[in-house]
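Taking it in order: structure first as structure tokens, then the write-up.
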Amino acid sequence: MAEKSTWETKVGLAEMLKEGVIMDVVNEDQATIAEKAGAVAVMALERVPADIRRDGGVARMSDPARVKRIMAAVTIPVMAKCRIGHFVEAQILQSLGVDFIDESEVLTPADEAHHIDKREFDAPFVCGCRDLGEALRRIGEGAAMIRTKGEAGTGNVVEAVRHLRAVTGGLRKLQGMRTDELMAEAKQMGAPFELVAQSAETGKLPVPNFSAGGVATPADAALMRQLGAEAVFVGSGIFKSKDPETRAHKIVEAVAFYEDPEKLAEISEGLGEPMKGMDVRSMPQEERLAVRGW
Amino acid sequence: MALRIGVMSLQGAVEPHIKALTECGARAERVRTPEETERLDGLILPGGESTTMGILMSRFGLMEAVQKRAAEGMPVYGACAGMILMAKQIVDSEQPRLELMDIRVRRNAYGRQVDSFEAPIEMPSLGGEPFPGVFIRAPFIESAEPHVRRLAELDGRPVLVQEGNLLASSFHPELTADRRIHRYFLQMSDNESGA
């Protein structure tokens, strides 16, 4: 009678992660720190995005042994990344029992034309986007959660803001349209008509909409929440800072009290050095991760 | 007057509970501080991550506030993570909790996300059709003291239980369109506020 891995259970897990913080970790110790700080999930990685950026070369799925060790260390959900279009990496992650698969631009794409057909999988997927059209294309392929891309590993929130505003602004534009204008808009956006029509009606994405890429402080996390992100991914921002444990705690608190400036002031006090961060404007196009995928 | 029902809003699936409560005619309120628990007729602890909610509730004085209100008779309903927080015993875990109900729960008891499932649940006490149960990395109740009422079972395990003014489920009625469990909780809250 029971039916496993239905669409409702996939989107349902994304619902459960709402109003929380998902943290990038590279080992069991970091995973435990994240869980104790109140992370709702961890992303098991070989290297955090700032190091991927520094090291260059091809970035691939994590070693399964590392993912398994992290899964064994915590009781919260564990996510892991596969390369864009690399459905075999996704098959492997699913067989490990990973709770969410991130088809991620942070790794080097395996296919520049096609993303994974995510509907075929039992594990739910999260995908990045820079605007509404890209979000709806990924949902059309079966993503159960969307995250705006931002620019991972920079400690600079500017791209995350740009992408989230593009999504929410796109939704407001759709809501203002007559229904007979939606097909032309769907063609323009390159997105499935049914999803465009559904988003126009509800004013929301059909799946939860999270934010990623460049969050370094509690105030950054609260900014993304106030701009409409339903939860926040924090990558290098925590474990590349001077005092990861405290920063992890404080970012969790900031996401819970994102609308309360007095509490946010308290939370932000005496946190020590955040990660240094980079100016995205001076970054050559080929070093940008967000332009990977379409 | 509409009942004032709070939804603990530190983390988790808050919106779907607010929608369900509003559809049932209640006045749903987000709760993030101890003061906000004071004038409520009932409180829902939503699904999400029980460790996250427990850490934040301890940190911001909400454990004591909810324990006090529950002891005064305010109805509390915990779904999934909320049920874990209400349990006196959690297998293999020292995580912060409210310790309200005489139940022993096991976290992620049905497996990881790929084992999450939907199943119809017979619910003779609420009458009518089976309830559409959505179980997401769900906990189950390993044992319960005899005075805990079993309102519904799945494969011989209780999945919806009541102990006086306290209600808990392994599954997520807020993710379905069936409002029977929310209505039942509102009835509990109504009886209490009238008493």
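Every chain is numbered from 1, with letters handed out A, B, ... down the list of sequences.
Annotation: maximal heavy-atom pairing with chain A below 4.5 Å, among B/G48, B/G47, B/S9, B/A119, occurs at B/G48. Ranked by heavy-atom pairs under 4.5 Å with chain A, the first of B/T33, B/V134, B/L56 is B/L56. Annotation: maximal heavy-atom pairing with chain B below 4.5 Å, among A/G97, A/G38, A/P77, occurs at A/P77. For chain B, the option among A/V40, A/D260, A/D99, A/T6 with the highest count of heavy-atom pairs below 4.5 Å is A/D99.
Counting heavy atoms of neighbouring residues, nucleotides and ligands inside a 6.0 Å radius, atom NZ of B/K19 does not exceed 12 of them. For CD of A/E269, the number of neighbouring non-hydrogen atoms (other residues, nucleotides, ligands) closer than 6.0 Å is 12 at most. Remark: A/E201 CD is loosely packed, at most 12 non-hydrogen atoms of other residues, nucleotides or ligands lying under 6.0 Å away. Residue-environment remark: CD (A/E262) stays at or below the threshold of 12 foreign heavy atoms within 6.0 Å. The environment of A/E3 atom CD is sparse: at most 12 non-hydrogen atoms of other residues, nucleotides or ligands sit within 6.0 angstrom. The number of heavy atoms from other shown groups lying within 6.0 Å of CZ (B/F117) is above 12. Counting non-hydrogen atoms of neighbouring residues, nucleotides and ligands closer than 6.0 angstrom, the CD atom of B/E129 reaches no more than 12 such neighbours.
Rounded to the nearest 0.5 Å, atoms CZ (B/R137) and OG1 (A/T9) are 12.5 Å apart. The CE atom of A/M71 lies 3.5 Å from the CZ atom of B/R112; values are rounded to the nearest 0.5 Å.
With a 4.5 angstrom heavy-atom cutoff, B/Q95 does not touch chain A via any of its atoms. Proximity to chain A (any heavy atom under 4.5 Å) is shown, for B/P46, by neither the backbone nor the side chain. For a residue to count as touching a neighbouring chain, one of its non-hydrogen atoms must lie under 4.5 Å from one of that chain's; by this rule A/K36 touches chain B with the backbone only. Using a 4.5 Å cut-off between heavy atoms, B/L10 contacts chain A through both its backbone and its side chain. Only the backbone of A/A37 comes within contact range of chain B, with at least one heavy atom under 4.5 Å from a heavy atom of that chain. Using a 4.5 Å cut-off between heavy atoms, A/V78 touches chain B through backbone and side chain atoms alike. Heavy atoms of A/A41 lying under 4.5 Å from chain B are absent altogether.
Using a cut-off of 4.0 Å between Lys/Arg side-chain N and Asp/Glu carboxylate O, A/E19 and B/R30 are scored as salt-bridged. Between A/E253 and B/R59 a salt bridge is recorded (basic side-chain N to carboxylate O distance below 4.0 Å).
Proximity of B/T51 to A/I76: side-chain heavy atoms (C-beta onward) are separated by under 4.5 Å at one or more points.
For B/Q113 (side chain) and A/A123 (main-chain N/O), no donor-acceptor pair under 3.5 Å exists by modelled atom type. B/R32 places no side-chain N or O within donor-acceptor distance of the main-chain N or O of A/F257, the cut-off being under 3.5 Å. A donor-acceptor pair is defined here as one N or O able to donate and one able to accept, closer than 3.5 Å; no such pair exists between the side chain of A/E8 and the backbone of B/T176. Here the side chain of B/D115 pairs no donor or acceptor atom with the backbone of A/K4 at under 3.5 angstrom. Remark: side-chain polar atoms of B/S116 are not paired, donor with acceptor, to backbone N or O of A/S5 under 3.5 angstrom.
Considering B/E49, B/H172, B/Q11 in turn, B/H172 is the only one that fulfils the side chain to side chain contact (heavy atoms under 4.5 Å, CB included) rule with A/M16.
Nearest heavy-atom pair across B/N108 and A/T75 is ND2-O, 3.0 Å.
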Checking B/V14 against A/K18 for the side chain to side chain contact (heavy atoms under 4.5 Å, CB included) test, could you report, in this order, the C-alpha distance in whole Å, the side-chain angles of both residues, the deciding distance, and whether it holds?
CA-CA 8 Å; B/V14 175; A/K18 275 189 182 174; over 6 Å; no

